[in-house]
Amino acid sequence: MSVFTKKFNNAGISTLEQLMLELINLRVKSGWAKATLNAEYHCGMMITTLTETDRSGAIRLIQIPTEYCERLNKFRDLFSSRFKKPIKKITFEITSKGAYEITLKEV
């Protein structure tokens, strides 16, 4: 877990973790080694991609339901208003062994 994540853990990071785990269970196929969620704020929306890397290193782009983009945007809005730090980009990387890193970049 990144230092940034620990500092703001009570600010809804667990919500972000839950969202990512839901996406993995919903869309990622067996045999994956790493999943990466990238979400960037543009024009009132979170433009979001999810990729899966398999054990051989092949990367596959995964389609995700729009509701997850909306939930990410709600998380971003809540976090930004709570800490007065507008978030521009969210990156969440998780390995199949459960190790993960979250990066939140400010505007």
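Note that the structure is predicted; figures quoted are calculated from it, not measured.
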Charged N to carboxylate O under 4.0 angstrom, Glu22 versus Arg71? yes
Smallest separation among heavy atoms of [X] and [Y], with atom names:
| X | Y | value |
| --- | --- | --- |
| Met20 | Ala35 | CE-O, 3.8 Å |
| Pro86 | Ser80 | CA-OG, 3.3 Å |
| Ser96 | Arg55 | OG-NH2, 4.4 Å |
| Ile94 | Trp32 | O-CZ3, 3.5 Å |
| Val107 | Ile87 | CG2-C, 4.3 Å |
| Asp54 | Ser56 | OD1-OG, 2.7 Å |

Kindly say whether Gly57 contributes a backbone atom to a donor-acceptor pair with the side chain of Thr53 at under 3.5 angstrom? no
Yes or no on side chain to side chain contact (heavy atoms under 4.5 Å, CB included) for Glu17 and Thr15, after CA distance, side-chain angles and deciding distance? CA-CA 5 Å; Glu17 293 167 347; Thr15 303; over 6 Å; no
Within the 4.5 Å heavy-atom criterion, are [X] and [Y] side-chain neighbours or not?
| X | Y | result |
| --- | --- | --- |
| Tyr100 | Ile102 | yes |
| Thr48 | Leu37 | yes |
| Phe92 | Leu104 | no |
| Tyr41 | Ile90 | no |
| Cys69 | Ile47 | no |
| Arg76 | Met46 | yes |
| Asn73 | Met45 | no |
| Val28 | Ile62 | yes |

Rounded distance (nearest 0.5 Å) linking atom [atom1] of [X] with atom [atom2] of [Y]:
| X | Y | atom1 | atom2 | answer |
| --- | --- | --- | --- | --- |
| Phe83 | Glu106 | CZ | CD | 11.5 Å |
| Leu61 | Leu50 | CG | CG | 8.0 Å |
| Glu67 | Lys74 | CD | NZ | 9.5 Å |
| Ile24 | Leu19 | CD1 | CG | 10.0 Å |
| Glu93 | Glu101 | CD | CD | 6.5 Å |

Answer yes or no: does atom NZ of Lys88 have more than 12 heavy-atom neighbours from other residues, nucleotides or ligands under 6.0 Å? yes
Is Gln63 atom CD crowded by more than 12 heavy atoms from other residues, nucleotides or ligands, each under 6.0 Å away? no
Salt bridge (charged side-chain N to carboxylate O under 4.0 Å, His left out) partner of Glu52, chosen from Lys29, Arg27, Arg60: Arg60
